[in-house]
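Heads up: the structure comes next, in structure tokens.
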2 protein chains.
Amino acid sequence: MSQLPNQPTEGPVPTSADVARLAGVSRATVSYVLNNNASVRISEPTRRRVREAATELGYVPHAAARSLRAGHTRMVLLPTMNFPAGPLHHRFFHQLESGLRRLDYTVVQYGSTGLDADDAPRAWAELRPVAVIAPGTIALTPQGISVLRRSGAKAVITLGPRPVDGAHALVMDQREVGSCATGHLLERGRRRIGVVMPEESGLGLFAEPRLAGARQAALSHGARIEPLPLRYEEESAARLAARWRTMGLDAVFAYNDEYAMLLMRALQDAGIEVPRETAVVGADDLMLGRLLRPRLSSVRMELATPQPLADLVDRLVQHPGGAPECHDLLRARAVHRESS
Amino acid sequence: MSQLPNQPTEGPVPTSADVARLAGVSRATVSYVLNNNASVRISEPTRRRVREAATELGYVPHAAARSLRAGHTRMVLLPTMNFPAGPLHHRFFHQLESGLRRLDYTVVQYGSTGLDADDAPRAWAELRPVAVIAPGTIALTPQGISVLRRSGAKAVITLGPRPVDGAHALVMDQREVGSCATGHLLERGRRRIGVVMPEESGLGLFAEPRLAGARQAALSHGARIEPLPLRYEEESAARLAARWRTMGLDAVFAYNDEYAMLLMRALQDAGIEVPRETAVVGADDLMLGRLLRPRLSSVRMELATPQPLADLVDRLVQHPGGAPECHDLLRARAVHRESS
DNA sequence: TTGAAAGCGATACCAA
DNA sequence: TTGGTATCGCTTTCAA
């Protein structure tokens with residue numbers, strides 16, 4: 001049986017001094033024992049007394065006091081984005097966090113919506129994180145980076161569609177997705193390609209580079225690329241479908257599978273045959289796309305394993321001050337089904 | 001023009017003592033000025049000199065030192081769940097966080113996967129949060145709650161399908177979803193109702209109460225409830241559909257819209273007519289369900305606005321020690337479309 | 001109006 | 001093997 005603390009009532013929070021008093025030793029000894037300090041030899045009976053006193057009081061060390069004394073933290077701060085992450089990102093962050101915890105870092109997400117580009121880094125800096133990994137959806141200015149640096153952050157890393165000056169970058173280059181989808185359509189003989197641009201705010205950060213990638217891929221084939229603004233609503237899709245034939249497109253890259261499903265339904269309802277008249281390609285390779293008829297072609301994305309990234313953070317923390325590195329994390333490949 | 005800091009180079013982190021030195025005042029004065037301490041009057045020229053010195057050095061206060069001195073933090077800690085939150089939860093958390101920040105709390109998410117039920121609360125307690133809001137996907141034992149309490153947490157709140165002893169509870173009672181879906185099917189004359197139980201781990205926490213709710217609703221009508229294990233894969237759905245007619249069901253509540261779409265497709269492929277032979281109801285009311293033919297009936301869920309919750313936290317922090325409160329956040333209602 | 005100094009909790013050096 | 005003590009950065013009381 002684990003020994004339950006005796007006083008579940010409100011009271012002052014026990015400190016190492018309380019443990020020391022109860023164990024009949026000094027605070028120094030308590031510290032040695034509880035941190036398994038190898039450079040000092042403490043007798044086994046003393047160790048036991050200290051440990052028992054600690055559990056009896058329900059002692060938990062005070063991270064703030066410790067890091068104040070140490071002069072640094074082991075906190076890695078991840079500002080959170082202001083919109084839902086897909087399962088892909090989610091798994092990535094989850095594994096990254098596990099990897100960092102294995103390296104003995106404390107990983108903390110800090111919701112930063114509503115803070116502007118200057119306030120946010122200040123707020124983060126107050127916690128004195130040793131590393132910051134900021135998603136691309138968070139604006140990170142050179143000033144912000146500088147604030148973090150001088151507050152003691154050894155590693156400032158951006159994680160998003162494109163690198164940011166002065167920080168290390170983990171790039172998930174969305175152009176790759178656009179060029180991959182477009183390449184697939186080109187291969188299948190399509191030359192007049194629409195590219196859905198979601199009108200929902202926040203998605204532009206991903207949509208723009210995907211469009212750019214599509215343009216780039218189309219260039220060599222002399223294909224036409226036509227941006228198609230679309231809201232994630234049936235009426236918006238119906239309007240787009242109604243004027244579809246006037247646009248003379250033979251294919252569409254629909255930003256992702258959800259927009260693709262929305263648009264494909266609207267096209268079918270408007271009597272446009274998929275894929276004969278218009279090919280449709282999504283992205284994300286959701287299970288649901290496979291349930292449509294025709295089954296939805298898609299772009300499957302894969303992220304690099306996060307462990308090397310965790311190691312990178314650790315390396316930067318231990319040897320700060322190298323030149324900014326830039327790693328590409330995103331791999332995309334087209335998955336042909338029936339809609340293209 | 002905002003004054004850019006002059007030394008972007010590595011160096012010691014500036015402290016209030018540095019600011020004091022540069023401004024030619026004492027550390028006390030710096031503290032008074034930067035915290036707008038009203039109980040003490042500082043001359044305007046001095047204030048200006050202090051502020052200028054602070055921005056010149058890029059001074060950022062040290063949260064750990066401050067809270068060590070103050071004897072308490074204003075940190076609200078949200079242990080993060082180990083699986084992706086839907087847009088509903090996501091919006092809720094986001095708004096909750098904003099509400100808390102308005103009340104001047106620092107909101108921090110702490111990824112806790114891989115920590116067991118004893119270690120996790122200890123790890124949280126090291127940060128000395130003034131409040132902890134733990135999702136139901138995190139096991140929170142009475143011991144864990146006790147550890148948090150004695151580490152100074154004024155408010156320990158669980159947020160999930162069911163309350164936990166000794167903590168305040170924000171309940172999102174999933175039984176409501178099950179009984180709502182089942183009630184809808186009963187109203188439409190169905191009496192032999194299958195309930196999809198996802199086999200993916202972690203979902204049981206939601207699926208079980210939904211099943212219980214379905215059972216409860218069926219009771220008064222003498223209807224039959226049949227749990228149907230299902231993996232989120234086409235083959236699993238196809239197998240279930242293949243033996244569908246042997247089970248004699250006239251309706252199915254498919255856990256959520258995604259499982260519903262998967263199963264409905266499999267049923268249709270197996271020649272079973274929806275809704276004539278079998279009615280299908282999902283949950284979440286996703287846009288995508290409206291794109292199917294027949295359009296998917298669903299259960300729309302709504303969460304209470306988070307602002308009262310933020311206020312609750314604030315109240316508990318200021319006046320700790322009331323009896324555990326229990327608030328119901330989830331509202332569900334059936335949305336009839338064509339599949340039922 | 002400003003400054004000196006105590007003290008929050010934990011750690012590590014130096015003495016004993 | 002153990003204890004005393006200075007120290008980290010900041011706030012606040014008390015004194016000037």
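Scope of the values below: all heavy atoms of this structure, side chains included, with no hydrogens, waters or symmetry mates. For clarity, every value in this text was computed on a predicted model and none was experimentally measured. Proteins come first, then strands; the chains are lettered A, B, ... in the order of their sequence lines, and each starts at number 1.
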Calculate the interatomic distance between N36(A) atom CG and dA10(C) atom P; express it in whole Å. 16 Å
Rounded distance (Å) that lies between atom P of dG9(C) and atom CZ of R66(A): 15 Å
Nearest-Å distance for atom pair CG/C1', residues L57(A) and dA10(C): 16 Å
If you measure from the Lys or Arg side-chain nitrogens to the Asp or Glu carboxylate oxygens, is any gap between R122(B) and D119(B) under 4.0 Å? no
Establish, with yes or no, whether the OP1 or OP2 oxygen of dA10(C) is under 4.0 angstrom from a side-chain nitrogen or oxygen of N35(A). no
Touch check for S39(A), heavy atoms < 4.0 angstrom, all strands: base, sugar-phosphate only, or nothing? nothing
Choose from dT11(D), dG9(D), dA12(C) the nucleotide whose nearest atom is closest to any side-chain atom of H62(B). dG9(D)
In this structure, how many angstroms lie between the C1' atom of dT1(C) and the CD atom of E44(B), rounded? 13 Å
Euclidean distance, atom CZ of residue R21(A) to atom P of dG9(C) [Å, nearest integer]: 11 Å
If I take atom CG in residue L34(A) and atom P in nucleotide dT11(C), what distance separates them, rounded to the nearest angstrom? 8 Å
Between A70(B) and Y32(B), which has a closest nucleotide on DNA chain C that is more 5'? Y32(B)
Using a cut-off of less than 4.0 Å, is there contact between a side-chain N or O of T15(A) and OP1 or OP2 of dG9(C)? no
Quick check on DNA chain D: between T29(B) and S43(A), whose nearest nucleotide comes earlier from the 5' end? S43(A)
Donor-acceptor side-chain pairing of S112(A) and W124(A) below 3.5 angstrom: yes
For R74(B), I'd like to know if atom CZ has over 12 heavy atoms of other residues, nucleotides or ligands within 6.0 Å. yes
Is the phosphate of dC10(D), meaning OP1 or OP2, less than 4.0 Å from a side-chain N or O of S16(B)? yes
Minimum side-chain heavy-atom gap I145(A)-T141(A) below 4.5 Å: no
Could you check whether V25(A) gets within reach of a base, just the sugar-phosphate, or nothing at all, counting any heavy atom under 4.0 Å? sugar-phosphate
Is a side-chain donor-acceptor pair under 3.5 Å present for H62(B) with T15(B)? no
For I42(A) and dT11(C), give me the distance from atom CD1 to atom C1', rounded to whole Å. 13 Å
Taking the side chain of R41(A) as its heavy atoms from C-beta onward, which of dT1(D), dG9(C), dG3(C) lies nearest to it? dT1(D)
Could you check which of dA12(C), dT2(D), dC8(C) has an atom nearest any side-chain atom of L68(B)? dC8(C)
Per R69(A) side chain, nearest of listed nucleotides dC10(D), dA12(C), dT1(C): dA12(C)
Are Y59(A) and dA10(C) close enough that a side-chain N or O sits under 4.0 Å from OP1 or OP2? yes
Salt-bridge contact R102(A)-E97(A) (side-chain N to carboxylate O under 4.0 Å): no
Could you pick out which residue, V40(A) or T46(B), lies toward the 5' side of DNA chain C when each is mapped onto its nearest nucleotide? T46(B)
Separation of dG3(D) C1' from R27(A) CZ (nearest whole Å): 11 Å
From the options dA10(C), dC10(D), dA12(C), select the nucleotide whose nearest atom is closest to the side chain of N37(A). dA12(C)
